[in-house]
Number of protein chains: 2
Amino acid sequence: MTETALEPNRATGALSNCIPDSHTVAARFAALSHPARIEILKHLSASNSCCCREVVDRFDLAQSTVSQHLKILVEAGLVRFEPDRQRSRYAVDRAALADISASLNALVNSCCSGR
Amino acid sequence: MTETALEPNRATGALSNCIPDSHTVAARFAALSHPARIEILKHLSASNSCCCREVVDRFDLAQSTVSQHLKILVEAGLVRFEPDRQRSRYAVDRAALADISASLNALVNSCCSGR
DNA sequence: ATCGTTCATCGGCGATAGACGATGAACGAT
DNA sequence: ATCGTTCATCGTCTATCGCCGATGAACGAT
């Protein structure tokens, strides 16, 4: 994500008052732009809450790799993290997920009402 | 996008029959994971249709860079391309955009009804 | 005190992304 | 025929991604 010289918030007028800054939206989508993370997200939501190990067992990925994916999801705000003894519990933040979905809807709507 | 050894379509049972394959979804989000491309998308939809030059003038990016971003959007199926004389006309594919929005909604729903 | 388990982080590696300038094809206009 | 404009593509560069194994901290259990 190189910091391109887009005029800051240039298109953030008019319709887009309900749409977060492009960088923010892009960052969220970036978190969703890897198949493993999508699968992890599904898995987390199906189990309500998982520790890292559970995810590692489920997917054919090294523990360090899974840990990184989880970190990315947490940093994107899509997953909540809570240390629990020697475990780490991860859970989908359903509100955040709904939020990003709303962002996309808003983007789509702004595109469709554009003409 | 490294081809990870995710069990093919492992989580594609049950609820997710309406959700496209994770790789597909991820690829679409990847196209949206760059702020410039989001801005370009907005710009395209506001103008209904643009040639590359118009986008270049609008954003502080080299022509080659814009051309690449447009190509990515086209390859993701979010933007339609039509050559027009020496110009290239690009237009948002609103249906595709609505479609990806629906994919995300489905993902969110599957996550929320998970428990 | 020691061992096993869980986890985050580091370092390294290859692949990809994203930026740019340069180039040449296609086309309109002169 | 020549020039200017528009555009896609190529080559290059740097930064980041995504993967892994190794390591050490934290903790439970023995």
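All values below were derived from every heavy atom in this structure, side-chain atoms included, with hydrogens, water molecules and symmetry-related copies excluded. Quick note on labels: first sequence line is chain A, next is B, and so on, each numbered from 1.
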Exercise for the section: Taking side-chain contact (heavy atoms from CB on, under 4.5 Å) as the test, write out the residues that go with Gln68(A), two or more places apart. Expected result: none

Practice task
Can you tell me the distance, in whole Å, between the CG atom of Asp57(B) and the P atom of dT5(D)?
Solution key: 12 Å

Practice task
Determine to 10° how strongly the helix from dA1(C)-dT30(D) to dT30(C)-dA1(D) is bent, judged from the axes of its five-pair ends.
Solution key: 20°

Completion exercise
note: Lys71(B), atom NZ; dT9(D), atom C1'; distance rounded to Å ~ 7 Å

Problem - Length of the line joining Arg89(A):CZ and dA8(C):C1', which is rounded to integer Å - result: 17 Å

Handout entry: Options dA8(C), dT6(D), dC7(C), nucleotide nearest the side-chain atoms of Cys51(A)
Key = dC7(C)

Sub-3.5 Å pairs of nitrogen or oxygen atoms, protein against nucleotides 21-30 of chain D:
from, atom 1, to, atom 2, distance (Å)
dG21(D), N7, Ser64(A), OG, 3.3
dG21(D), O6, Ser64(A), OG, 3.1

Practice task
Compare all side-chain heavy atoms of Leu78(A) with those of Val92(A) and state whether any distance is below 4.5 angstrom.
Solution key: no

Handout entry: Nearest-angstrom distance from the residue atom CD of Glu75(B) to P of dT9(D)
Key = 9 Å

Handout entry: Residue of the set His43(A), Arg87(A), Arg58(A) for which side-chain contact (heavy atoms from CB on, under 4.5 Å) holds with Cys50(A)
Key = His43(A)

Practice task
Among the candidates dT6(D), dA8(D), dT6(C), find the nucleotide nearest to the side-chain atoms of Arg53(B).
Solution key: dT6(D)

Exercise for the section: Examine dC20(C): is either OP1 or OP2 under 4.0 Å from a nitrogen or oxygen in the side chain of His69(B)? Give yes or no. Expected result: no

Problem - Leu70(B) vs Phe81(B) side-chain heavy atoms within contact, under 4.5 Å - result: no

Handout entry: Presence of salt bridge, Glu54(A) and Arg89(A), under 4.0 angstrom
Key = yes

Problem - Non-hydrogen side-chain atoms of Arg28(A) and Asp99(A) separated by less than 4.5 Å - result: yes

Practice task
For the side chain of Tyr90(A), starting at C-beta, report the closest nucleotide among dA8(C), dA8(D), dC19(D).
Solution key: dA8(C)

Exercise for the section: Quickly work out the Glu82(A) CD to dC7(C) C1' distance and round it to whole Å. Expected result: 16 Å

Problem - Atom pair CG (Asp93(A)) and CG (Leu44(A)), whose distance is rounded to the nearest 0.5 Å - result: 11.5 Å

Problem - Nucleotide dT16(D), atom P - distance to NE2 of His34(A) in whole Å - result: 18 Å

Practice task
Please state how far atom CZ in Phe29(A) lies from atom P in dC17(D), giving the value in whole angstrom units.
Solution key: 18 Å

Exercise for the section: Indicate the atoms forming the closest heavy-atom contact of Ala31(A) with Arg37(A), along with that distance. Expected result: O-NE, 2.8 Å

Problem - Rounded distance (Å) that lies between atom C1' of dG18(D) and atom CD1 of Ile38(A) - result: 16 Å

Problem - 5' precedence on DNA chain D between Ile72(A) and Phe81(B) (nearest-nucleotide basis) - result: Phe81(B)

Practice task
Provide the closest heavy-atom pair for Leu61(A) versus Val56(A) in the form atom of the first, atom of the second, distance.
Solution key: O-CG1, 3.8 Å

Problem - From dA8(C), dG18(C), dC7(C), nucleotide with atom closest to Ser67(A) side chain - result: dA8(C)

